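Chain letters run A, B, ... following the sequence lines, proteins first and then strands; every chain starts at 1. No experiment lies behind these values; they were computed from the predicted model shown.
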2 protein chains.
Amino acid sequence: MVVYAGQGDARRAMTLLWRDRRDRPEPAAPGRRPELSVDLVVETAVSVADTDGMEALSMRAVGERLGRTAMSLYTYVASKNELVELMYDHAFGEPADAAEADDSPDWRTATEAWAHRLWDFYLRHPWTLEVSLARPVLGPNEYRLLESLAGVLHGAGLSPARIRNTYGTLHNLVRGQVQTAAEARRAEAVTGVPEDEWWYERSALLEEVAPDFTTRFPVLSAMAEAGAFVNETEDEPYLEQEARETFRSGLASVLDSLEAHLSPGDRGPRRADPDTTLT
Amino acid sequence: MVVYAGQGDARRAMTLLWRDRRDRPEPAAPGRRPELSVDLVVETAVSVADTDGMEALSMRAVGERLGRTAMSLYTYVASKNELVELMYDHAFGEPADAAEADDSPDWRTATEAWAHRLWDFYLRHPWTLEVSLARPVLGPNEYRLLESLAGVLHGAGLSPARIRNTYGTLHNLVRGQVQTAAEARRAEAVTGVPEDEWWYERSALLEEVAPDFTTRFPVLSAMAEAGAFVNETEDEPYLEQEARETFRSGLASVLDSLEAHLSPGDRGPRRADPDTTLT
DNA sequence: CCAAGTTTCCTTATGCGATAAAGTATTTGC
DNA sequence: GCAAATACTTTATCGCATAAGGAAACTTGG
């Protein structure tokens, strides 16, 4: 659905995102006592999106789980868009907590752990991938997650500009591959057709409909012949496995190039990044 | 909206995708003469999605541009899903043609050109990014595009497995970054708020709502202080520029590592990939 | 030229989505 | 007990895909 943050009342949304949950004196307001709370609504919505996907997230669906009508939720959130922003930040609380608790011995293991946590996170909450990066949510938890990686990379001696780029590259690497993995899982749930069955049917159809495939696509056919499109294990779905492999190898090469940059071969001792450094 | 291919009648869709447009003898069929054609519907739908985005693509909108009702389109396509599949393959015809016409002198420039063409393509047709990779369309044009890159990399001496991985990595690199760039453009069109204005408002709000930002996020604040979040030029929108930079640097490092793999330093002459080779 | 068969296209209806508007119920301070 | 405020419900509007059924146009067999 592609959600852009900050559509409605931006101040309202930001206040909710950054509100401090500790001070709740509940000042005995007039009017009917609320039976729900923003947090409860958000948590319920997250669980709907987790189990049934973003496309099944409707105000009605959330209300139903709470024994309320769809409209009653509008007491707590101004719009569905605002609800999604709150859900997004709420979900990012998990990896943010974990990142802050990380105690890896060196920057490389810390960065690796950071990326793998993000991978697991997106697999648990794939609907967050549908929130646009072009109008980001700007809640505290994504900042916490970014700050923790920035701290690690800064400690390793990277320049601010390089930290920014590394974050972008890593995040993109995780997001792209995990999206394929997550969608493979979801497609199975949504369409009811398991992945291998889908592929089986489709390749039969392909042969039927494009009998000249091998002559039209000689290199691809030779690759297929050579087993390039067969995976090692058969337990895990094909696409998920391929995505994970690509993720791992991409992560390794990003880290390798960072490492090479930090300790440039045998030509000298480890030194700080020559770009702008932090004060 | 996340479109999964192959939902309805798979055989029908595949037949349409792979049909040969050359043989149209028009055998004087009985019944009312059609006033439109599948191709016309698909092309119109593509132009709707190009200008107004995937979320504005409705059967009604396409019908309106053709002076027809929404329902009349169902004579040509079985469902909206099938229409999107056809649109997807149709759009990929452009880069496929260009890729086949490429005459770069060496594999590196060819691969670079391939990636940049894909970047431009996705910027022109960003709605294609919303078609799931987990249930791919399997039309001829994406195969043509893949075949052309595979041919280049095979010519360079890469193993089938490595060709597959390189394709995945490159495609992911392009897709991830171009998505941010495209969404930045679209968000402006959809919400009416230009990017810089959005950021200006939001950062003011952020200060207001999180006055302790600098103490909570010291590294990020120092990075901002050091100018890590300021771009060189001011003409282009910030996010698009950042995305393009990340894409370029990512592309360069992927190609570098391929090159290093093909001609391993001073240790010996260029040799073929040690993995399985094509017959 | 007409009837039958076939195909295109239209109208109408269903059900689900967000949310605006307006009403009802519950709680407070006075 | 009452006014104001707040929570929650009902109802209505509009847009979406698409099922169902009917009208219109065209080809072919007579």
Within residues 45-53 of chain A, residues whose heavy atoms come under 4.0 Å of DNA chain D: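 The answer is none.
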Starting at [atom1] of [X] and ending at [atom2] of [N], how long is that distance when rounded to a whole Å?
X	N	atom1	atom2	value
A:Leu66	D:dT9	CG	C1'	16 Å
B:Leu40	C:dT8	CG	C1'	15 Å
B:Glu35	D:dA24	CD	P	14 Å

Aromatic plane relationship, A:Trp119 with A:Phe247 - under 30° parallel, 30 to 60° tilted, over 60° perpendicular: parallel
[X]: side chain to side chain contact (heavy atoms under 4.5 Å, CB included) partners, not counting sequence neighbours:
X	value
A:Ala134	A:Ser132, B:Glu183, B:Ala184, B:Leu239
A:Glu201	A:Glu197
B:Glu35	B:Arg32, B:Arg68
B:Arg216	A:Trp18, A:Pro140, A:Arg144, B:Asp212

Closest non-hydrogen atom pair between B:Pro136 and A:Trp198, with its separation: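 Closest pair (atom of B:Pro136, atom of A:Trp198, distance): O-CH2, 3.3 Å.
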Residue pair A:Leu73 / A:Gly63: nearest heavy atoms and the distance that separates them: CD1-N, 3.7 Å
Got a list of protein N/O to nucleotides 13-17 of chain C N/O distances below 3.5 Å?
unit_1 : atom_1 : unit_2  : atom_2 : d
C:dG17 : OP2    : A:Arg60 : NE     : 3.4

Neighbours of DNA chain C within residues 68-79 of chain A, by heavy-atom distance under 4.0 Å: A:Met71, A:Tyr74, A:Ser79
Ring pair (Phe, Tyr, Trp, His ring centres under 6.0 Å) against B:Tyr74, all qualifying residues, sequence neighbours excluded: none
Sequence-distant partners of B:Tyr88, ring pair (Phe, Tyr, Trp, His ring centres under 6.0 Å), two or more places apart: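 Only B:Phe92 meet the ring pair (Phe, Tyr, Trp, His ring centres under 6.0 Å) criterion with B:Tyr88.
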Ion pair B:Glu240/B:Arg244, N-O distance below 4.0 Å: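 Yes, B:Glu240 and B:Arg244 are salt-bridged.
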Matching residue for B:Tyr76 among B:Leu40, B:Val38, B:Leu16 - test: side chain to side chain contact (heavy atoms under 4.5 Å, CB included):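 Only one of B:Leu40, B:Val38, B:Leu16 forms a side chain to side chain contact (heavy atoms under 4.5 Å, CB included) with B:Tyr76, namely B:Val38.
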Collect all protein-nucleotide pairs involving nucleotides 26-30 of chain C in which both atoms are nitrogen or oxygen and the distance is under 3.5 Å.
unit_1 : atom_1 : unit_2  : atom_2 : d
C:dT26 : O2     : A:Arg32 : N      : 3.4
C:dT27 : O2     : A:Gly31 : N      : 3.1

Residues forming a side chain to side chain donor-acceptor pair (under 3.5 Å) with A:Arg124, sequence neighbours excluded: A:Glu94
Using a 3.5 Å cut-off and no angle test, enumerate the donor-acceptor pairs between side-chain atoms of residues 45-52 of chain A and protein atoms at least two apart in sequence or in another chain.
unit_1  : atom_1 : unit_2   : atom_2 : d
A:Ser47 : OG     : A:Thr44  : O      : 3.0
A:Ser47 : OG     : A:Arg65  : NH1    : 3.0
A:Asp50 : OD1    : A:His125 : ND1    : 2.6
A:Asp50 : OD1    : A:Trp127 : NE1    : 2.6
A:Asp50 : OD2    : A:His125 : ND1    : 3.1
A:Thr51 : OG1    : A:Ser47  : O      : 2.9
A:Thr51 : OG1    : A:Val48  : O      : 3.3
A:Thr51 : OG1    : A:Arg65  : NH2    : 3.1

